[in-house]
*Asks:* 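One structure follows; several queries about it will come next.
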Amino acid sequence: MTTERYNARDAEPRWQRLWDEQAIFTTKNDDPRAKYYVLEMFPYPSGRIHMGHVRNYTMGDVVARSMRARGYNVLHPMGWDAFGMPAENAAMQNKTHPATWTYANIAAMKKQLKSMGLSLDWSREIATCDPSYYKHQQRMFLDFLGAGLVERKQSKVNWDPVDQTVLANEQVIDGRGWRSGALVEQRELTQWFFKITDYAQDLLDALDTLDRWPDKVRTMQRNWIGRSEGLRFDFGLVGAPRGFDTLPVFTTRPDTMYGPTFAAISPDHPLAKALADTNPGVTAFIDECHRMGTSQAEIDTAEKLGFDTGIKVTHPADKDWTLPLFIANFVLMDYGTGAIIGCPAHDQRDLDFARKYNLDVIDVFVPEGSDERVKNVAFVPAKTDTVRYVQWVGTPDSVMTCGEAMKQSLDIFVKDGWGTREVNFRLRDWGISRQRYWGCPIPIIHCEICGVVPVPAKDLPVKLPDDIEFDRPGNPLDRHATWKHVACPQCGKDARRETDTMDTFVDSSWYFARFTDPWNDNAPTTPKVANHMMPVDQYIGGVEHAILHLLYSRFFTRAMKATGHVGMDEPFAGMFTQGMVVHETYRKQDGSFASPAEIDIVADGDARRATLIGTTETVEIGPIEKMSKSKRNTVDPDDIIGTYGADTARWFMLSDSPPDRDVIWSEDGVQGASRFVQRVWRLVSAAAPHLPPPGTISAQEADDAATALRRAAHQTLSDVLTGIERLRFNTAIAKLYTYVSTLQDAVDGPLKSATPAYAAAAREAFDILVLLLAPMVPHLAEECWAAIGQNGLVSEAQWPAVEAGLLVSEQMTLPVQVNGKRRAEVTVARNAEIPQIEAAVLALDAVKQALDGKPVRKIIVVPQRIVNVVG
RNA sequence: GCCCCCUUGAUGGAAUUGGUAGACAUACAAGACUUAAAAUCUUGAGUCCUCUGGGCGUGCCGGUUCGAGUCCGGCAGGGGGCACCA
């Protein structure tokens, strides 16, 4: 018998059209069933999807389709993170308007996503660059402002003098602008900030409740928030300018309070600035500090520099104990109070500084059982290490851990009123101002008389002007002839619009909430709907967003709650970070890279050799790396879908590699997936003529063969279900491979001359096969569903319940160990009593032989697991 | 420097979370079918030995346990995050 090959190119568009026509993936907010919200991080419309998208969206689609098959009202939307610099860069290069470029890219990528057969509700599509989206964002900005969650303040920024824009830290490479190559300057600019630090403690504490997030992401956020607890106290000042009576300091090591030999302030400290007014030497030193680079290499190698102010500080514990006050280049203004207490013995930076400026070194503690004093390496033991304290506020010669001493010291200092317990965070407020055109305008008007005036709600949205020029660097909005000129809403006099736009991370901090009711024209959300559909039950995306996007979204959701737009704190109940798609690299003789499409690979025994297609030039097979244009190791999803079909691409993305690890894209792997698709089609085609009509129920008095088949079907149903539930798609797929083999044996043998009971079992078994394949390879599954005589769409079909009774058998085969080594097997009734099992085991020849006449000391029987005989 | 994670055949990985290590897949080899190739099907394979059996084996060393890939301590290698954060 011959079967036509499964033709994905014919079948896939056909089913996609049908799904579309019947709108089966459209979600109703008032559906009475339990909701399940699946979301993948929405893409930036760069123009083409890449393999990383294919992997991300395939995983999300498997979750969405399987939850739908399990009876949930699934929300699975898609949109576009559409603001950002690439659109402006394209505008400069190609003289196209950013909007034109962006919307053309959206159209192209939407077509690509549709070709993947994703079960998305396109009726909820949003683009963040659309005024119908960003007007709500502007409204929330004003709400946040009213709630005290937004503030305007001066801050230091990276300024690119050529492009005339602020650069994010990531855009500064070796101290130069990533586009212009110009040396980046530090500038003080007035910027808008979201006060994320107001929520620092809450954002930290709530991480403990996110038990469906990867530990890695939670740890990264914990470190980023960077809570530290310590002592805040005031130094007295002697000889300081008027107005400076005390100097507040924060330290996390109160146990070292009896070991300082100097104090230091940041070059940006108000006191340093005050000194600079009268002392040119201070001015020169501060300037020198500012000229120092901020790149990693420069910081690593930078010498500790200090300027002795001549001022003395007095120790809080003893007014007669004075220390010199320096201005030091390594003290940061924006952490703690911008001033430090220098304890050289137990801080390497302080020690370097002390040695350079000939300051004393006082040992506070020494290693237990030693009297070794610090020389050129500071003694900085772990908090849990035990040391002997020789110079501290507690009992002399105490032996304890640093952590314990820190706690005791803090208690004493606080009790005696020398200082207060204080918590500091590494987390900074979120600066959102960008000197860019293609972003959400900040809805503020600056009036010379009224000051900072919010745009009235009725005037929203503040729309970007369409007529815009990109002929010069800098912010085109600021240069626009008319846009920024506006009447003050309060006094009516001439005023000026804010020309900065918002960081694009703002756009992506609430899109998941907007998806719940994107049709609401009057408000960002419909709280009743948002509170029903949120939080996102399963969010999937790249680990590169583990900190910023996820932390900003967590903050934004809290701010939305505070302003009445949603009712929850946490937007994502379940989070999953998927691995990258990686590929071999190929290097030609001249050192340049070749793309996979240009390469011919031949097996040479166990080795593989690559040549340039159409030539004899051998190509070096290089390391496996993340797909990137520069390494030319990308594979175009369009090509793969065109050649093999979407199902093959989807199947390959799910198999082999665990989803949180990198997957190696290989031609062999794709072909393996493609072979599987054909194999399933052949199997189902061969079985179809032998299957009784849909709905045929397995007879009560099923024979052994029929029961065995049903057992396999329900075991697979159970395994695949839990595999998907735990997002372990690779193991779910392995079970499906095994199941297909089982069914192949059935088709090759018993099914040809089946009893009614067996045929009925086979009907059930094939229904289950197709149902389980549907989330992964939906087009093939639809084709198979029709082939086995089912009406309707498998995409809409429900999975049967697992019959638990079929998962346990009457007889069990247990491995038998003698002294921990496997020697035999024993088959017993599943509910056999332990003494019966022991007797059966001891009767085994292999056990007797392995015991070699030694008496049995003990038998461990783990019911339904294993037996171990100890001799 | 600080914090976190990983290490299992030729390769990607599996292992009911302390209970038969190597499922499933890829690659490889042999065979069947074919004029041939592809496709398909069958078979083989951790390693060593004195081979109907047995020893050894999850990066290395040690420990806990009847039993360890899994738990504990130490070491090595690889990866990631943060970083002049007091």
*Asks:* Determine the stems involving RNA chain B; a stem requires 3 or more consecutive pairs of the Watson-Crick or G-U wobble kind, each with both distances below 3.5 Å, and the answer is none if no such run exists.
*Replies:* B:1-7 with B:76-82, B:10-12 with B:24-26, B:28-32 with B:40-44, B:46-49 with B:53-56, B:59-63 with B:71-75
*Asks:* Enumerate all atom pairs, one protein N or O and one N or O from nucleotides 14-16 of chain B, separated by less than 3.5 Å.
*Replies:*
residue: B:A14; atom: OP1; partner: A:Asn730; partner atom: ND2; Å: 3.2
residue: B:A15; atom: OP1; partner: A:Arg728; partner atom: NH2; Å: 2.5
residue: B:A15; atom: OP2; partner: A:Arg728; partner atom: NH2; Å: 3.3

*Asks:* Provide the full list of salt bridge (charged side-chain N to carboxylate O under 4.0 Å, His left out) pairs with a residue in residues 855-871 of chain A, sequence neighbours left out, each pair given once.
*Replies:* none
*Asks:* On RNA chain B, nearest-nucleotide positions of A:Met333 versus A:Gly669: which is more 5'?
*Replies:* A:Gly669
*Asks:* Give the rounded distance in Å between these two atoms: CZ of A:Phe676 and P of B:C24.
*Replies:*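 Spelled out: CZ on A:Phe676 to P on B:C24 is 14 Å.
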*Asks:* If only side-chain N and O atoms of A:Tyr335 are considered, is one of them under 4.0 Å from the OP1 or OP2 phosphate oxygen of B:A86?
*Replies:*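 Answer is yes, contact under 4.0 Å.
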*Asks:* Which of these passes side-chain contact (heavy atoms from CB on, under 4.5 Å) with A:Ile340: A:Ile265, A:Leu332, A:Asp350, A:Asp347?
*Replies:* A:Asp350
*Asks:* Is it the case that the ring center of A:Phe353 lies less than 6.0 angstrom away from the ring center of A:Phe330?
*Replies:* yes
*Asks:* Which nucleotides of nucleotides 40-52 of chain B have their base under 4.0 Å from a protein heavy atom (B), which only their sugar-phosphate (S), and which neither (-), written as one string 5' to 3'?
*Replies:* S------------
*Asks:* With nearest nucleotide decided by heavy atoms, which residue, A:Pro815 or A:Asp347, maps closer to the 5′ end of RNA chain B?
*Replies:*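 On the 5' side of the pair lies A:Pro815.
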*Asks:* Do the ring planes of A:Trp681 and A:Tyr6 sit parallel (below 30°), tilted (30 to 60°) or perpendicular (above 60°)?
*Replies:* tilted
*Asks:* Among B:C84, B:A86, B:A25, which is the nearest nucleotide to the side chain of A:Tyr737?
*Replies:*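 Of the candidates, B:A25 comes closest.
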*Asks:* Determine the interplanar angle of the A:Tyr357 and A:Phe326 rings, folded into 0 to 90°, and report it as parallel if under 30°, tilted if 30 to 60°, perpendicular if over 60°.
*Replies:*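 Ring orientation, 0 to 90° scale: tilted.
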*Asks:* For nucleotides 61-66 of chain B, give me every protein contact, N/O to N/O, under 3.5 Å, one pair per line with atom names.
*Replies:*
residue: B:C66; atom: O2'; partner: A:Asn868; partner atom: ND2; Å: 3.2
residue: B:C66; atom: O2; partner: A:Asn868; partner atom: ND2; Å: 2.6

*Asks:* Give me each pair satisfying salt bridge (charged side-chain N to carboxylate O under 4.0 Å, His left out) with a member in residues 711-729 of chain A, each pair once, sequence neighbours excluded.
*Replies:* A:Arg70-A:Glu725, A:Asp719-A:Lys735
